[in-house]
Amino acid sequence: MSQKFQAPRGTNDIIPAPFQKDPIFEIHRWQFVEAQFLLNAWNYGYQEVRTPMFEDIELFIRSSGEASEVVNKEMYDFYDKGERHIALKPEGTAPVMRAFLEHGMGNLGTPNRLCYINHSFRYGRPGKGRYRQLHQLGMEIVGSASPFADAEIITATHDFFSRVGIDSARVMINCIGDFTARSKFSEAILDHISSYLSDQDTETRAKLERNPVRLLDTKESPLRAALQGLAPITDFISDESKANFDQVQAELTDSEIPFTIDPMIVRGLDYYNDTVFEFIDDDLEGLSLCGGGRYDALIEQIGGKPTPAAGVGIGLERLLLTLEQKQLKLEAPQIDSFIVAATEGARSQVRQLAAELRANDISCVIDIDDRNIKQQFKSADRTNAIYSLILGDDELKMNTVTIKNMATQEQHSIKQTELLDWLASSLVQDEDDE
RNA sequence: GCGAGUAUAGCUCAGUUGGUUAGAGCGCCUGACUGUGACUCAGGAGGUCGCCGGUUCAAGCCCGGUUAUUCGCCCCA
C-alpha cells in the first residue's frame, strides 16, 4: 500500500458498507442510530442544538475541572491566527450550556430540553472503543432540580437503547452528593488507603491525592484491595441528596426500568453532583455505553446564574460496537430500481422514466457510460437495486416495461402507465417484510 | 503517556535455516452468452513486501528508527 495519505490517527471514515471493512463505520448504521435518537428525543420533547466544533479552551477548564484527566492531558488544543487558545470540544455538555446562556434559553420558561449529535475529540491513545474523534449523542434537561428530571434522562436513554435493539444494557446508578460531601469522602478515602499510599512514589501519590474519588473505579487490583471496607459515599451525603436519590429510584421502579446501585460509579468530569449513572453491557467489555448525571453547578461555573441541570452523553461508536457484538442485523437500504436500456434506441426514454420515478420518490439509477446490457445488469446488481426496469425496442413498441426482481430473478412486463402504482405498492410491501 | 503484538495484490492471508522472475482464495476486467447480474468454465490485469536507514555477495525474512493498527494499563464515550 503506497498510499500517501490516510485518516489521522484515531479517526475513521464513515462510508458505504461495501467499502468499509469495519461494520461499525458503515454509514447506514450511523444514519439509522442517529435517526432513532432524534425520534426518541423528539418523543420526550428534546430539541436538537448544534454547537461549533471548537470553543475557547477556558470553557472546558471551567466546566470539566482542571484536575480531570480529560482537561489535563486529553484536550485537543491549539492557538489560532488571532492568538486565541482554542480546544476541539472534548465533550458535548459544556458547549450546549454555553449556547443555553448565550441565547438566554432559560428566559422563555424552564425546564429546557435539548439534545445533540456531535463530534468530540480526545487526545488519548486509540484502541477498541476509544478514538481521538468520537461521536456522542446527548440529552440535557436544564432548569429543573427535580429528581424526575434525572429519572427522565435515564428513562429516555433506556428507551433509545431498546429502540436500536439493545435490551441488555444494565443501568448503574449512584449518588455522589454535593461538593461538601465529596470533600469529606475524599478525606475518608485517603485516610483509608494511607498505608497503600505510603508505598507509592511521589508522582503516583500526587496523582491519587489530586482526586481521590476517581480512584473508586480503578482496575488496579492492589488499589482495589486497599479500598476494601471503605464506607460508601452515601454515608457522607446530605439528607436532601438522600431523599432525591430515593425519589429517582422510586421513579425508575415505577417506569419499570431495572437498575443497580453501584457505589463505585464516579464520573470523569468534575461537574457532576448527586445522581450519576452509566449504562454498561456485557458485550462491551470494560467500557461504558454512556454516562451522565446531574450537574447543578456547571452553569454557574461558566458564568450563568445557578441553574440545576441533568444530562447524558452516549458513545455512538460504543453503541455500534455493542450492536455488532450482538450481531444484530442492520441491512443497508436498497436503491429501488435500476433502469436498463436494452437497446440503444431506448436511451432517451430511460432518462425520461428515471426523471418520472424520482419525481415520485422512487429512487433509480441509470447507465451513463453507454454500457451494453450485460454490463448494465451488473451495474444494477452492484447498485443493490431491488428491481431492474428494462426498456428496449420491444417494450417501446408495446408501451410496456419489463420488471425484473433482482433477488428472485422473476421477470414480467406491465403497461408503462401502470408502473408507478405497481412500484409504489410493491416497494411498500418490501418494507413491511423487513 | 507506558508495555506487548501486527504491517506482503482491492480484501483475507501463505511465503521454509536470508538465495534467481513473491503466491493462493475471494474480488476486478475480458470472453463462452450480439436483450439479462449474482452461479459455471477459460483467459487476463493488479505488488517499489508500511516508510527510512543498517548488516550481507544476496533482505519480504536479520538489526535500528519511524508511521499506522490491535490488545493491555492510565483514562473515558
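Convention: sequence-line order gives letters A, B, ...; per-chain numbering from 1. Since this is a predicted model, take the numbers as computed values, not measurements.
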Quick one about A:Asn384 and A:Gln334 (side-chain donor to acceptor, distance below 3.5 Å, no hydrogens or angles considered), yes or no? yes
Is the shortest side-chain N/O distance from A:Lys404 to OP1 or OP2 of B:G35 below 4.0 Å? no
Convert the base pairs of RNA chain B into dot-bracket notation, remembering that pairs crossing earlier ones are written with [ ] and that bases paired across to another strand are shown as |; include only Watson-Crick or G-U pairs under 3.5 Å. (((((((..((((.....[...)))).(((((.......))))).....(((((..]....))))))))))))....
Would you say A:Gln375 places a side-chain N or O within less than 4.0 Å of OP1 or OP2 belonging to B:U30? yes
Return the orientation label for the A:His119 and A:His135 ring planes: parallel under 30°, perpendicular over 60°, tilted otherwise. tilted
Considering only NZ, NE, NH1 and NH2 on the basic side and carboxylate oxygens on the acidic side, decide whether A:Glu418 and A:Lys415 come within less than 4.0 Å. no
Of the candidates B:G35, B:C71, B:C75, the side chain of A:Lys128 sits closest to B:C71
Approximate separation, where rounding is to 0.5 Å, of A:Phe160 CZ and A:Leu38 CG: 9.0 Å
Can you tell me which nucleotide in B:A77, B:C29, B:G35 comes closest to the side chain of A:Thr402? B:G35
Please figure out whether A:Tyr123 or A:Leu134 has its closest RNA chain B nucleotide nearer the 5' end. A:Tyr123
I want to confirm an ordering. Mapping A:Glu410 and A:Asp22 to their closest nucleotides on RNA chain B, which one lands closer to the 5' end? A:Glu410
Do side-chain atoms of A:Gln375 reach the backbone of A:Asn372 as a donor and acceptor pair under 3.5 angstrom? yes
Look at all strands and tell whether A:Glu344 reaches a base, only sugar-phosphate, or nothing, counting heavy atoms closer than 4.0 Å. nothing
Near-ring test A:Phe37/A:Trp30, centroid separation under 6.0 angstrom: no
Below 4.0 angstrom from OP1 or OP2 of B:C28, is there any side-chain N or O of A:Arg382? yes
Can a side chain N or O of A:Lys374 be found less than 4.0 Å away from OP1 or OP2 on B:C33? no
Which nucleotide wins on minimum distance to the side chain of A:Arg125, given the candidates B:C76, B:U36, B:G1? B:G1
Taking OP1 and OP2 of B:U69, is either one under 4.0 Å from a side-chain nitrogen or oxygen of A:Arg9? yes
Decide whether A:Asn40 and A:Asp159 meet the rule of one side-chain donor and one side-chain acceptor closer than 3.5 Å. no
Using the side-chain heavy atoms of A:Ile390, tell me which of these nucleotides is nearest: B:G72, B:G35, B:U12. B:G35
Separation of B:U69 atom P from A:Ile24 atom CD1, nearest Å, is 14 Å
